[in-house]
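Quick note on labels: first sequence line is chain A, next is B, and so on, each numbered from 1.
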Number of protein chains: 2
Amino acid sequence: MATPVDRRDVILERAADLFAKQGVAATTVREIAEAVGILSGSLYHHFASKDEIVDAIVTSFMEDLVTRYDAVLASESDPHAQLVGLVRASIATSAEHPHATEIYQNDARYLQADDGSAAVVKGARTVRSAWIQVLEGGAAAGVFRDDVPVKVVYPLLRDGLWLTARWFVPTRTYGYDELAADYVKVFVDGIAR
Amino acid sequence: MATPVDRRDVILERAADLFAKQGVAATTVREIAEAVGILSGSLYHHFASKDEIVDAIVTSFMEDLVTRYDAVLASESDPHAQLVGLVRASIATSAEHPHATEIYQNDARYLQADDGSAAVVKGARTVRSAWIQVLEGGAAAGVFRDDVPVKVVYPLLRDGLWLTARWFVPTRTYGYDELAADYVKVFVDGIAR
DNA sequence: TCCACCCTTCCAAGCGCTTGCTAGGGAGGC
DNA sequence: GCCTCCCTAGCAAGCGCTTGGAAGGGTGGA
């Protein structure tokens, strides 16, 4: 018999999958319950609301991400190394939370509309400032270009990076490490030969 | 008194705005009707269903995009010029259809789940092949790098580009042309100094 | 060891409300 | 009179969630 912790995790996992595929609004509690193998009323034994399920998924992802970013910035000081670290941390977090990124990308409005959870809002701010700090630091140090505003560079990097969760499927010969390396090549060196 | 064409356009415009902000599933026909200034039952005089509204918005955008892409590829043969052309065409189309891009990015699953409209599916294929053609042609011509697979380069470019619709707000001194130019700088030359 | 009690988890039925949409009829313009 | 556009009332289906009760397992005391 599953322990309480296990069932709760299964709900989060299945819900994350459905939310990512269909969007939060279009996913019913009945669908989530069916995917878990229980009836929808039973979900409310574990979570107070559908919103709370969403929050739990995204909060877990965001906390993991912030922890990894903090570790990168604490251990690297060279802008290029920091950038590589942030990319690797992002991709590793995305791999660890296979659907949270998709939910966050697609349903950020949903979270904001409900004023989100404090942890998510705070985490998002931390994530953004990590990147801005690295890009600005790199430009100041003469490592990164400064002719394109950081407020333009950052969203281009951000969106390319986070939407890898939507299309990337690792294979035996081309995994997350290879993706991170190629991402850095494309953005740091460009596609020109 | 508004002519039928005008009212229909107003519905599409208002619906596009709401769909982009909230997602298709989370936008009710009552909200759309209210934004237009009529009651929800009246929408069905102009459109057979809510889905048809979505389709009309996305189809119009996609047709415009394909037309612009075809024009670029017909008039440029140098890979770099083609890439610049595709970028400029994408950004121009995005500016012309302020919300369709957001809908397409967020609700592509929705469209696919309903087998979408033939025009959208066909258009999406055309769009993708235009990029692949340019990237592969450029690599073969020694203009673009060939050490990173095109199937990785393309989605990075694509996502950075299309999500500009989500964050970019033109100002008097930094408009769509400047964005296109900076996008090209970032992706073609990279951010390294 | 056995039994009563408690807790956890779930089922089942249903609530109040919302959704996309229908169909009948009215109003205004030509 | 006819046509276009809209209002109105309401339908059927479905939504997130509540509530009462059942079932199973664990624990402690006699």
Side-chain angles (χ1 to χ4, degrees), chain A residues 1-58 103 106-107 109-111 113-117, chain B residues 1-59 103 106-107 109-117:
Chain A
M1 164 148 181
T3 67
V5 174
D6 287 343
R7 178 64 81 197
R8 189 181 152 97
D9 286 348
V10 173
I11 292 170
L12 289 174
E13 185 185 309
R14 296 281 195 271
D17 185 34
L18 289 167
F19 289 151
K21 281 180 186 155
Q22 306 176 170
V24 173
T27 299
T28 66
V29 291
R30 288 165 178 82
E31 283 178 296
I32 296 167
E34 183 176 348
V36 173
I38 57 175
L39 295 177
S40 64
S42 309
L43 291 174
Y44 296 88
H45 180 79
H46 303 274
F47 296 92
S49 66
K50 185 176 163 189
D51 274 358
E52 191 176 297
I53 299 175
V54 179
D55 276 354
I57 293 166
V58 178
I103 299 169
N106 294 341
D107 291 290
R109 304 174 308 273
Y110 178 90
L111 294 169
D114 291 321
D115 294 302
S117 80
Chain B
M1 165 150 177
T3 66
V5 174
D6 288 342
R7 177 65 80 196
R8 188 182 153 97
D9 286 348
V10 172
I11 292 170
L12 290 174
E13 185 185 310
R14 296 283 195 271
D17 184 36
L18 289 167
F19 289 150
K21 282 179 187 153
Q22 305 175 169
V24 173
T27 300
T28 65
V29 291
R30 286 167 179 81
E31 283 177 297
I32 296 168
E34 184 176 347
V36 174
I38 56 175
L39 294 178
S40 64
S42 310
L43 292 174
Y44 296 88
H45 180 79
H46 303 274
F47 297 92
S49 66
K50 186 179 163 186
D51 273 358
E52 191 175 299
I53 299 175
V54 180
D55 275 356
I57 293 164
V58 179
T59 297
I103 299 170
N106 293 342
D107 291 289
R109 305 173 309 271
Y110 178 87
L111 294 169
Q112 285 159 10
D114 292 320
D115 294 304
S117 81

So which heavy atom on [X] is nearest to which on [Y], and how close?
{"X": "B:Arg8", "Y": "B:His46", "result": "NH1-O, 3.4 Å"}
{"X": "A:Ala15", "Y": "A:Ile53", "result": "CB-CG2, 3.7 Å"}
{"X": "A:Val36", "Y": "A:Ile11", "result": "CG2-CA, 3.8 Å"}

Specify the separation, in whole Å, of atom [atom1] of [X] and atom [atom2] of [N].
{"X": "A:Glu34", "N": "C:dC10", "atom1": "CD", "atom2": "P", "result": "16 Å"}
{"X": "B:Ile32", "N": "C:dT19", "atom1": "CD1", "atom2": "P", "result": "11 Å"}
{"X": "A:Leu39", "N": "D:dA23", "atom1": "CG", "atom2": "C1'", "result": "14 Å"}
{"X": "A:Ile11", "N": "C:dC10", "atom1": "CD1", "atom2": "P", "result": "7 Å"}
{"X": "B:Ile38", "N": "C:dC21", "atom1": "CD1", "atom2": "P", "result": "14 Å"}
{"X": "A:Lys50", "N": "C:dT18", "atom1": "NZ", "atom2": "C1'", "result": "13 Å"}
{"X": "A:Asp6", "N": "D:dG25", "atom1": "CG", "atom2": "C1'", "result": "16 Å"}

Side-chain contact check for A:Val29: nearest option of D:dG16, C:dC10, C:dC21 is D:dG16
Against the side chain of A:His45, the closest entry in C:dC10, C:dT19, D:dC17 is C:dC10
Check the phosphate of [N] against [X], side-chain N and O only, distance under 4.0 Å to OP1 or OP2. Yes or no?
{"X": "B:Arg7", "N": "D:dC6", "answer": "yes"}
{"X": "B:Tyr44", "N": "C:dC21", "answer": "yes"}
{"X": "A:His46", "N": "C:dC10", "answer": "yes"}

Base of D:dG14, side chain of A:Arg30 - is there a donor-acceptor contact under 3.5 Å?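 Absent.
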| task | Give me the one residue out of A:Gln22, A:Lys21, A:Lys50 that meets side chain to side chain donor-acceptor pair (under 3.5 Å) with A:Thr27. | result |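 It is A:Gln22, the one option of A:Gln22, A:Lys21, A:Lys50 that forms the side chain to side chain donor-acceptor pair (under 3.5 Å) with A:Thr27.
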Open item on the list: Both A:Glu31 and A:Gly41 contact DNA chain D. Which one's nearest nucleotide lies toward the 5' end?
Closed with: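 Nearest nucleotide further toward 5': that of A:Glu31.
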For B:Ala56, is there any backbone N or O sitting under 3.5 Å from a side-chain donor or acceptor partner on B:Thr59?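 Answer holds: no.
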Indicate, with a heavy-atom threshold strictly under 4.0 Å, whether A:Ser49 touches base, sugar-phosphate, or nothing.
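Counting heavy atoms under 4.0 Å across all strands, the contact made by A:Ser49 is with sugar-phosphate only.
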### Query
So what does A:Ser42 hit on the nucleic acid, given a heavy-atom distance under 4.0 Å: a base, only sugar-phosphate, or nothing?
base
